[in-house]
Protein chains: 2
Amino acid sequence: MSETKDKIVSLADQLIRVRGFNAFSYKDIAEPLEMKNAAVHYHFPAKSDLGIGVIQHDRNRFAATIAKWNKLPEQEQLQQLINVFRKHCHAGNICLMGSLSPDYNTLAPDMQQEVQQMAEDILHWLSQTLENGRKHKRFQFKGKAADRALLIMTNLQASLLMSRVLGPEIFTRISHQLMEDLIP
Amino acid sequence: MSETKDKIVSLADQLIRVRGFNAFSYKDIAEPLEMKNAAVHYHFPAKSDLGIGVIQHDRNRFAATIAKWNKLPEQEQLQQLINVFRKHCHAGNICLMGSLSPDYNTLAPDMQQEVQQMAEDILHWLSQTLENGRKHKRFQFKGKAADRALLIMTNLQASLLMSRVLGPEIFTRISHQLMEDLIP
DNA sequence: TTGCTTACTTACTGGTAAGTAAGTATTTTT
DNA sequence: AAAAATACTTACTTACCAGTAAGTAAGCAA
């Protein structure tokens, strides 16, 4: 990917997390990068192309990141995930899923599918990590790992939303209690 | 409140939940109600006035609803709350908090404050209900009731978001496991 | 019956949005 | 050296948005 394209995707990623997909415009990309509206359209003809670019970038980064974690004990892998969310929390960001799923009905079908796959990526990894952690007696929880993954995923996702409204200590309380619940 | 004003608020409530606050316009209100753009502005001069109207309507309804539940055993009160969310889930709606918190940074300050108070309303009630339920041995959980309320609140909120993307069985799995975790 | 309020409509403004057609300068390929 | 691809800019279109000014018809109130 060219340098310019990369800068556009990074900035769009930020804007989606801070203001939402329907609340930023090509001008918000073009101006800070000192180019014209039409230059952004050159790289991403439609806004949904830009949205898809952002999601794919994020999915690739996630895949690379979890690969780096995969020799760590499971509770540390989960802690790493929580750390990623904490950094976003303190930057005032919400996660891509938390930003794009409320707008889901307004998105183009090809972008909707990309959002869906991102959700499946994360849930699949988290399910596996929880299942393995339980097998190795590092986690203790009731029910299926896939259901537990849903609970934890929704906690993390919405903790960023609630933190935006009620302050960052919300995130700390949620992530702490979450971990506490899992440790035998 | 006049009948017209009430119809506007109800429709706006729907639109916020289905498409998001920044993704509907006065035209989307005016057209189905067979009036002109300017008539909506007559009742709600700025869009934030309409937003505030919707939130206040919802907060009042919530207050009235929990008052009706307050003689029920705590686990049934929580089940009632889950039922409210389930109905929204099957209507394709998300909750107001789930819709407005991603857009929080784009909202007018007076509307932000209203969102904040709505969050505090729900968390306060849920904390109290969990605390009372634990005292009466109807619930069992680790940690502070206020922290548990945060976990459950975020589960419910984001379960509607995830259901929109991955289908309504997501909500069923989350709400079921959530209840299971609390029952002694 | 004159005046005031309510609940609108008509007609508009200024601004912004996504998107595009056509042209240009620079680099790369043949 | 000619042709073609790359990465833009200029200049524009179409469409919509929130918001407003001015007018109006109906009802009520002194």
Side-chain angles (χ1 to χ4, degrees), chain A residues 1-16 18-55 57 99-100 102-112 114-115, chain B residues 1-16 18-55 57 99-100 102-112 114-115:
Chain A
M1 208 193 281
S2 77
E3 207 193 322
T4 306
K5 223 167 163 175
D6 213 65
K7 279 183 189 165
I8 293 172
V9 167
S10 288
L11 185 49
D13 185 283
Q14 271 296 111
L15 286 164
I16 290 172
V18 173
R19 302 183 29 198
F21 186 71
N22 292 320
F24 80 89
S25 74
Y26 273 40
K27 200 192 75 183
D28 299 320
I29 304 274
E31 241 167 37
L33 298 182
E34 289 173 296
M35 46 169 63
K36 302 292 154 165
N37 188 331
V40 186
H41 278 286
Y42 168 76
H43 291 285
F44 299 96
K47 203 179 176 185
S48 65
D49 297 319
L50 178 51
I52 289 168
V54 169
I55 300 171
H57 184 258
S99 177
L100 295 175
D103 294 341
Y104 194 75
N105 293 332
T106 72
L107 305 178
D110 48 354
M111 196 174 156
Q112 288 183 336
E114 207 65 39
V115 173
Chain B
M1 210 191 278
S2 77
E3 207 193 324
T4 305
K5 223 167 164 176
D6 214 64
K7 278 183 189 164
I8 294 172
V9 167
S10 288
L11 186 49
D13 185 283
Q14 271 295 111
L15 286 163
I16 291 172
V18 174
R19 302 185 26 199
F21 186 71
N22 293 320
F24 80 89
S25 75
Y26 273 42
K27 200 192 74 183
D28 299 319
I29 304 275
E31 241 168 37
L33 298 182
E34 289 173 296
M35 47 167 65
K36 301 292 154 167
N37 189 329
V40 186
H41 278 286
Y42 168 76
H43 291 286
F44 299 96
K47 203 178 176 186
S48 65
D49 297 318
L50 178 52
I52 289 168
V54 169
I55 300 171
H57 183 259
S99 177
L100 295 174
D103 294 341
Y104 194 74
N105 293 333
T106 72
L107 305 178
D110 48 353
M111 197 175 154
Q112 289 183 335
E114 207 65 39
V115 173

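Order of the sequence lines fixes the chain letters, A, B, ..., with proteins taken first and strands second; residue numbering starts at 1 for each chain.
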Rounding to a whole Å, what distance do you find between [X]:[atom1] and [N]:[atom2]?
| X | N | atom1 | atom2 | value |
| --- | --- | --- | --- | --- |
| Tyr42(A) | dA5(D) | OH | P | 11 Å |
| Lys36(A) | dC8(D) | NZ | P | 13 Å |
| Met35(A) | dT6(D) | CE | C1' | 13 Å |
| Asn37(B) | dT20(D) | CG | P | 12 Å |
| Ile29(B) | dC17(D) | CD1 | C1' | 14 Å |

May I have the list of side-chain donor-acceptor pairs in residues 5-16 of chain A shorter than 3.5 Å, sequence neighbours left out?
{"residue": "Ser10(A)", "atom": "OG", "partner": "Asp6(A)", "partner atom": "O", "Å": "3.2"}
{"residue": "Asp13(A)", "atom": "OD1", "partner": "Arg17(A)", "partner atom": "NE", "Å": "2.6"}
{"residue": "Gln14(A)", "atom": "OE1", "partner": "Asn93(A)", "partner atom": "ND2", "Å": "3.3"}

Would you mind classifying the nucleic acid contact of Phe24(A) as base, sugar-phosphate or nothing, using non-hydrogen atoms under 4.0 angstrom?
-> sugar-phosphate

Look at Ser25(B) and dC16(D) and indicate whether a side-chain polar atom (N or O) is within less than 4.0 Å of OP1 or OP2.
-> no

Under 4.0 Å between a side-chain N/O of Ser2(A) and OP1 or OP2 of dT6(D), yes or no?
-> no

By side chain to side chain donor-acceptor pair (under 3.5 Å) - contacts of [X] (at least two apart):
| X | result |
| --- | --- |
| Gln112(B) | none |
| Ser48(A) | none |
| Tyr104(A) | Gln116(A) |

Closer to the 5' end of DNA chain C via nearest nucleotide, is it Lys27(A) or Ala38(A)?
-> Lys27(A)

Contacts under 3.5 angstrom, residues 27-38 of chain A side chains, donor-acceptor by atom type, not counting sequence neighbours:
{"residue": "Asp28(A)", "atom": "OD2", "partner": "Ser25(A)", "partner atom": "N", "Å": "2.9"}

5' to 3' on DNA chain C, which nucleotides open and close the contacts with chain A (atom under 4.0 Å from a heavy atom)?
-> dA17(C) to dT20(C)

Over-ring placement of Lys47(B) relative to Tyr26(B), 6.0 Å and 45° cut-offs = no

